[in-house]
Amino acid sequence: MTFHSNNTEEHWAVIIGASGGMGFAAAEKLAEHGMNLCLIHRDRRKAMENINSRFDKLSEKGIRVLRFNCDALSEEGRKNVLNLLQTEMGAHGKVRLILHALALGNLKLLVSERKPEGKKDKDVLFEKLATLTGRAPEDLKNAVLSLFNQGETGLFPFVETTYNQASLLDQSDFNHTIHAMGTSILEWVRDIFQRQAFAQDARVITLTSEGNQVAWKGYAAVSAAKAALESLSRSMAVEFGPHGIRSNVIQAGVTDTAALRMIPGNETIRARALSRNPLGRLTTPKDVADAIYLLTTDEAAWINGALICVDGGERIA
């Protein structure tokens, strides 16, 4: 499929958070099908050589690519991007898709962990194993951790997760995270809409995770942001729907990305997900990108206000 629903519209995708993970995978998938790309990201200078190289390869697919390394959360940054995008699109260019793939949140505990009285169950277990094997408990713990790090994910119940006890979530952390990963999408949608730059049949797609319902330690602010994002997506589906704009959320399974690896205890999250996924592997960015592409097709025009799980059945296992 090429993205030209009629002779008067040339379609573009605006991807916020485009330099890695699901955002870049979506850019690759959409480029393969002929959609022009407006890529927004924020990365340090030392990472730009690699990022620019990957963006250059997208241009080789015969599409137009705009790229912006800027603060997508600022009004100045957003307006600068959209001003230049409108100039590049010209009279016939329209935004078919805006994808919110921004991963920018605070990962801190709500309260310092309470130290258990006496020995932990795991400590008791390792002491029993030490008695049976003649090895020191610490040696056994280190052996289990080494095997776990080598890919023996079934050992996750015996691996300790450490958390930062010194810095706890405060209100500013919540405010920043909820705006960045939740409500900021509305500012982009409104601005594009007011410029009359959306296609006749446009799509807004946002990303959530199982952390919207499952409480992972250190994920409270992001969880709150995802809940706000999902609620906002439903409201946009109702209020922007009459204007031809569909709004949907994709709930990806646990995906091994740089953003996941920032979450405290991510090793255990990945191992637990792998152990229960019916298809025997973790979700990949490409899996999510494939679903994003499907939602941009003409055949998906009647999907609006939905939360679609792309996880291989992980959530039900």
Side-chain angles (χ1 to χ4, degrees), residues 2-4 9-105 179-181 184-195 197-199 202-207 250 255 257-259 262 284-286 288-290 292-293 295-296:
T2 56
F3 291 96
H4 301 273
E9 287 187 356
E10 182 181 31
H11 287 155
W12 286 74
V14 175
I15 301 179
I16 306 168
S19 60
M22 299 174 195
F24 182 74
E28 286 187 304
K29 182 69 176 183
L30 296 168
E32 289 172 3
H33 291 271
M35 186 178 283
N36 301 305
L37 301 172
C38 176
L39 307 176
I40 302 125
H41 63 105
R42 193 173 192 186
D43 291 282
R44 295 178 179 176
R45 186 174 301 173
K46 64 181 181 180
M48 288 308 301
E49 182 177 352
N50 179 52
I51 292 169
N52 283 330
S53 175
R54 290 187 293 138
F55 284 172
D56 288 342
K57 291 180 180 179
L58 297 175
S59 301
E60 294 171 3
K61 298 182 184 293
I63 61 167
R64 287 190 280 165
V65 178
L66 288 180
R67 57 187 83 176
F68 299 92
N69 188 6
C70 67
D71 181 6
L73 302 178
S74 72
E75 182 178 3
E76 180 183 2
R78 183 179 72 255
K79 291 190 179 302
N80 179 57
V81 168
L82 295 181
N83 287 340
L84 293 172
L85 174 60
Q86 276 196 296
T87 299
E88 180 68 20
M89 289 196 304
H92 300 299
K94 294 292 182 181
V95 175
R96 168 76 158 195
L97 164 70
I98 178 167
L99 170 65
H100 187 278
L102 197 61
L104 184 63
H179 178 233
M181 301 187 72
S184 65
I185 181 61
L186 178 60
E187 297 164 352
W188 283 86
V189 171
R190 264 197 190 141
D191 206 338
I192 296 171
F193 176 74
Q194 289 168 353
R195 294 165 182 258
F198 272 119
R203 315 296 162 86
V204 177
I205 298 177
T206 54
L207 303 176
I250 288 179
T255 310
T257 62
M262 295 294 292
T284 67
K286 184 180 182 303
V288 181
D290 289 344
I292 290 168
Y293 161 68
L295 285 174
T296 63

Which heavy atom in [X] sits nearest to a heavy atom in [Y], and how many Å separate them?
X: H100; Y: A180; result: NE2-O, 3.3 Å
X: T296; Y: R96; result: O-NH2, 2.7 Å
X: L37; Y: L58; result: CD1-CD1, 3.9 Å
X: L84; Y: L66; result: O-CD1, 4.2 Å
X: C70; Y: R42; result: O-CB, 3.5 Å

Any chance you could measure [X], atom [atom1], to [Y], atom [atom2], to the nearest 0.5 Å?
X: L82; Y: D191; atom1: CG; atom2: CG; result: 5.0 Å
X: R78; Y: D71; atom1: CZ; atom2: CG; result: 10.5 Å
X: I205; Y: L295; atom1: CD1; atom2: CG; result: 4.5 Å
X: Y293; Y: K286; atom1: OH; atom2: NZ; result: 11.5 Å

Under the side chain to side chain contact (heavy atoms under 4.5 Å, CB included) test, residues paired with [X] that sit two or more places apart:
X: R64; result: E10, W12, N36, E88
X: T257; result: T255, A259, L260, P285
X: A199; result: E9, H11, K94

Contact between [X] and [Y] at the side-chain level, heavy atoms closer than 4.5 Å - yes or no?
X: W188; Y: V95; value: no
X: L73; Y: L102; value: yes
X: K79; Y: R195; value: yes
X: I51; Y: N69; value: no

Subject >> Heavy atoms of other groups near M48 CE, more than 12 under 6.0 Å >> reply: yes
**OP:** Give every residue pair that meets the salt bridge (charged side-chain N to carboxylate O under 4.0 Å, His left out) criterion with at least one member in residues 50-60, sequence neighbours excluded.
**Re:**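 As it turns out, the salt bridge (charged side-chain N to carboxylate O under 4.0 Å, His left out) pairs with a partner in residues 50-60, which skip direct neighbours, are D56-R67.
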Contacts under 3.5 angstrom, residues 13-30 side chains, donor-acceptor by atom type, not counting sequence neighbours:
| from | atom 1 | to | atom 2 | distance (Å) |
| --- | --- | --- | --- | --- |
| S19 | OG | D43 | OD2 | 2.8 |
| K29 | NZ | D290 | OD1 | 3.3 |

Subject >> With sequence neighbours excluded, residues passing ring pair (Phe, Tyr, Trp, His ring centres under 6.0 Å) with F68 >> reply: none
